[in-house]
> 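Pasting a structure here, questions to come.
The analysis underlying the following values was restricted to heavy atoms, covering all of them including side chains, and did not include hydrogens, waters or symmetry mates. Reminder, nothing fancy here: chain letters follow the sequence lines and each chain counts from 1.
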Amino acid sequence: MNPFSSGTRLSDMIRAIRASKTAAEERAVVRKECAAIRASINENDQDYRHRDLAKLMFIHMLGYPTHFGQMECLKLIASPGFPEKRIGYLGLMLLLDERQEVLMLVTNSLKQDLNHTNQYIVGLALCALGNICSAEMARDLAPEVERLLKFRDPNIRKKAALCAIRIIRKVPDLSENFINPGAALLKEKHHGVLITGVHLCTEICSVSSEALEYFRKKCTEGLVKTLRDIANSPYSPEYDVAGITDPFLHIRLLKLLRVLGQGDADASDCMNDILAQVASKTESNKNAGNAILYECVQTIMSIEENGGLRVLAINILGKFLSNRDNNIRYVALNMLMRALTVDSQAVQRHRATILECVKDSDASIQKRALELIYLLVNENNVEPLAKELIEYLEVSEQDFKEDLTAKICSIVEKFAPEKIWYIDQMLKVLSEAGTYVKEDVWHALIVVITNAPHLHGYTVRALYRALHTSCEQETLVRVAIWCIGEYADLLVNNAGMLDLEDPITVTESDAVDVIETAIKHHTSDVTTKAMALIALLKISSRFPSCSERVKSIIGQNKGSFVLELQQRSMEFSSVIQKHQNIRSSLVERMPVLDEATFSGRRAGSLPAAVSTSGKSSLSIPNGVATAPLVDLLDLGSDDTPAPTSSGANFLQDLLGGDLMQPSAQPVSGMQPSQAGADILLDLLSIGTPAPVQNGSTNGDLLSMQDNNAPIASLDTISSTSPTASSSMMDLLDGFGPTPPTSEDKGPTYPSIVAFESSSLKIEFNFTKQSENPQTTDIVANFSNLSPNVYTDFLFQAAVPKFLQLHLDPASSNTLPANGSIKQTMRVTNSQHGKKPIVMRMRVGYKINGKDVLEEGQINNFPRGI
Amino acid sequence: VNLQHKEEEVKTQRSESSEKPKEKEKSQFEELRSLKMGIRFILMVNKQGQTRLAQYYEWLTLEERRALEGEIVRKCLARNDQQCSFVEHRNYKIVYRRYASLFFMVGVDDDENELAILEFIHLLVETMDKHFGNVCELDIMFHLEKAHFMLEEMVMNGCIVETSKANILSPIQLMDKAH
């Protein structure tokens, strides 16, 4: 005999494994044993097959690979003896699954054993078939199983019934064959057969509606009677659990009745009495009884309405909920969740108790209760519930906070009665658990804040206060610095004070302090620091007195290893240093962010937002790092539909300017700078009106839609377009009948007043060379309407990219009082005849050394130019 | 000064976002398919967290099994006696109960009656008690196949087959006699 295969006994191996002190030792033992088993397999040693397989099962349980033993299982199954077959089948079920090819080889053995004269061997084969049967085997062996459902021994019938369930799951078409045998099983007395028969019928009902109808008609009464008999049966020691006969059978019967009663009034009627009996008579002081009550309540809730029964069921749940046993409370919460769709009023009554469960020390109960509360919240109860939940947030376990925070944010956003309440609650959440607040949630908060002008001052002050107590909450810091950047002036001068507020004194340098702390704090990440840089830039313009200090803080990041920060630092420094005259308009307050657009986009791109959230800081550079300087130069391109930029990253838009925003209010920007519109945005917007008028409106809108633009923005575009383009419509209207008329001499165009304010008037005179209709020469005449001298006069203009603009130097950079200067420029329209000229202009000058800036959009160019 | 314009390139990330929902759909479908199994696995684990018996009614790879067992054991063993016997993990609900040094854990579908599974665990322990006489960890280790045979008589394909201890044990006793 082979010295290896003689090996150790099973118990020796187990002892050796138990004696292993480390995982490595255990592995060594297993390796040695596996080698011995392989050797024994190669020897084809009949005597040890049984033992080898037992060892393999143990090794398999420990989690080591055992595939090499699979063929041994087949050999054992094929051997004649019962003990060998038995271990072979067990090995088959443990070591193999239906996906493995080896299984094909076993079908024949199974077929033989299903027809074996020894009923125990038949039982083994049925058991194996029930556990591992594949679709092919199901087709091959279904007739055998069908026959065995009528076998004389009940132990075979019950196993055949479960095999049938497996077969139906694999091949639903075969369910027809089992309807009649299944119905026959329901009349049995043997509990094993009955419980499996009921299960089989439930399964058939779930795959075939005809079968469901059949069982409803033929079997409902019988099942009710069976349930009554069992519920009323005298003590039977064999099936007794805590004074109840076979709770498992009770539960299976109740499950099938639920399937039959659902959506059928007659069947529901038929079972009302017995359900009422079970619900009221079952003992509720033991687990078994409660298990039945639990199932019974589910059935009552699912079948057709019967007022009295429902009350009974809800009362049982109430009792469950106040039970001291955590298991019972858990299932009560579970059940209430399902009852919510049926009777939400009844569930609402238990709100207080459920809220207590949220604060339970047991994580499973907390989770259930929170989910339930989340579903219970509505407009009427959101305020007290949110208050309770937020208070609990302070003391809750770390593991639970994430879930809790997400749910609070969601309900607060969904049901907020007014904006100030929403902002208040969000600030509390941010201060308490800011780390867990998701990106889209705090973005939404910022959108709401921008939309509530009367709350700007209040919000920025509240954030300032919160920052002092919870400076380690990253998202709070971000929202706070964003708001301070935007509304720093309101923070310092206590503007827009609400009655309920306590006044606070914040100096300009205090505001800078907070941002400086944020940018230097060790926990701040790139996004926060980048946002802080922008805020600083904005503050430098709001508070000129702090400009120097801001410059030095910004300058500290010039050497940052993060490209993003370095770039911002460099560029912002140069804005502060060299471009004082345009700085104030560069960093004007953000335009109001459109809520509908944001929420639409948020809903539409949620998965993307989730997937990119980690990279948000990386995607900023696209739009922002180069922002102020380059963007000023950047003109919105009309060819790339603006909304394509939407992507998913709202942060980018927040910082870089929402590209869709300007398109929604394109020419309304005619009132220059009055709406506080960022010049960047307006520049970008110049191009967008063009597609609206050039006749391809539909196409453009559609293409925007393709690009995932939310409908909301389309609406705003189309609703503003009539007004927006009204002046330009004229251009278009007149365009058809008056093509470039005269060939010989260049057409003449009337002069226009391009811009007029109380202090300055700009007139444009046009000339065109006839051979080149695309090019227009413009002479701009600037008239000073005031008695002051304008020095450092600078005219700037920007055009969309289908236009080319060349500016000659002005005749002078000083505009005398009531005097005028001239400047010529040449515009080439590559889309001549298709798109009119539009221009955005800005004039900067100094009166007595004080900067003045005026800007506007010019779109009253003569037709056809 | 002439303000030059420069084309701004904005790349969309649509392709990335459009793939995600598909994946999700697929996994949801698979979840649905594997639902309604009833009992999905039965584990017996000692209080050191070592598996002593594992029976799965759905196919998991070796690695998946090891990972799952590790996670579940960590979760359940960390809980105290006052906490409820149900733990939600991935898409399973685990019903567990401790008997002396041995944890019995049953993974079930979401719509299974948790209290009934608790009762089932008790029945399993009682049945083993009846056979081994106050069953302990070693009984199960050294008679692993017998423990499996008992389980086989009680559960097939995730469904309960038999609830009478006598009926469960009779084939096993018959085999013992034959030996």
> What part of Tyr56(B) is in contact with chain A, defined as an atom under 4.5 angstrom from a non-hydrogen atom: side chain, backbone, both or neither?
neither
> Kindly give the heavy-atom pair with the smallest separation between Ala54(A) and Glu145(B), and that separation in Å.
CB-OE1, 4.4 Å
> Relative to chain A, which segment of Lys93(B) carries a heavy atom at a distance below 4.5 Å: side chain, backbone, both, or neither?
side chain
> Quick one: which of Leu123(B), Leu138(B), Val87(B) has the most heavy-atom pairs under 4.5 Å with chain A, could you say?
Leu138(B)
> Hey, which of Gln83(B), Lys165(B), Glu63(B) has the most heavy atom pairs under 4.5 Å with chain A?
Gln83(B)
> Do Phe248(A) and Tyr239(A) have ring centres separated by under 6.0 Å?
no
> Testing the basics here: between Ala288(A) and Val241(A), what is the closest heavy-atom pair and its distance to 0.1 Å?
CB-CG1, 3.8 Å
> Non-hydrogen atoms of chain A under 4.5 Å away: do they reach the side chain of Leu144(B), the backbone, both or neither?
side chain
> Check Pro171(B) against Arg86(A) and note the closest heavy-atom contact, atom names and distance.
O-NH1, 4.1 Å
> Using non-hydrogen atoms and a 4.5 Å limit, figure out which bit of Phe58(A) sits close to chain B: side chain, backbone, both or neither.
both
> May I ask you to check if Arg52(B) and Phe103(B) form a cation-pi contact, with NZ or CZ under 6.0 angstrom from the six-membered ring centre and within 45° of the axis?
no
> So for Pro65(A), is it side chain, backbone, both, or neither that comes closer than 4.5 Å to the heavy atoms of chain B?
both
> Heavy atoms only, distances under 4.5 angstrom: which of Thr51(B), Asn167(B), Val95(B), Val161(B) has the most pairs with chain A? Name it, please.
Val161(B)
> Out of curiosity, Met57(A) CE to Leu90(A) CG, how far, rounded to the nearest 0.5 Å?
4.0 Å
> Which of the residues Leu118(B), Ile160(B), Asn113(B), Leu62(B) is involved in the greatest number of heavy-atom pairs with chain A at under 4.5 angstrom?
Asn113(B)
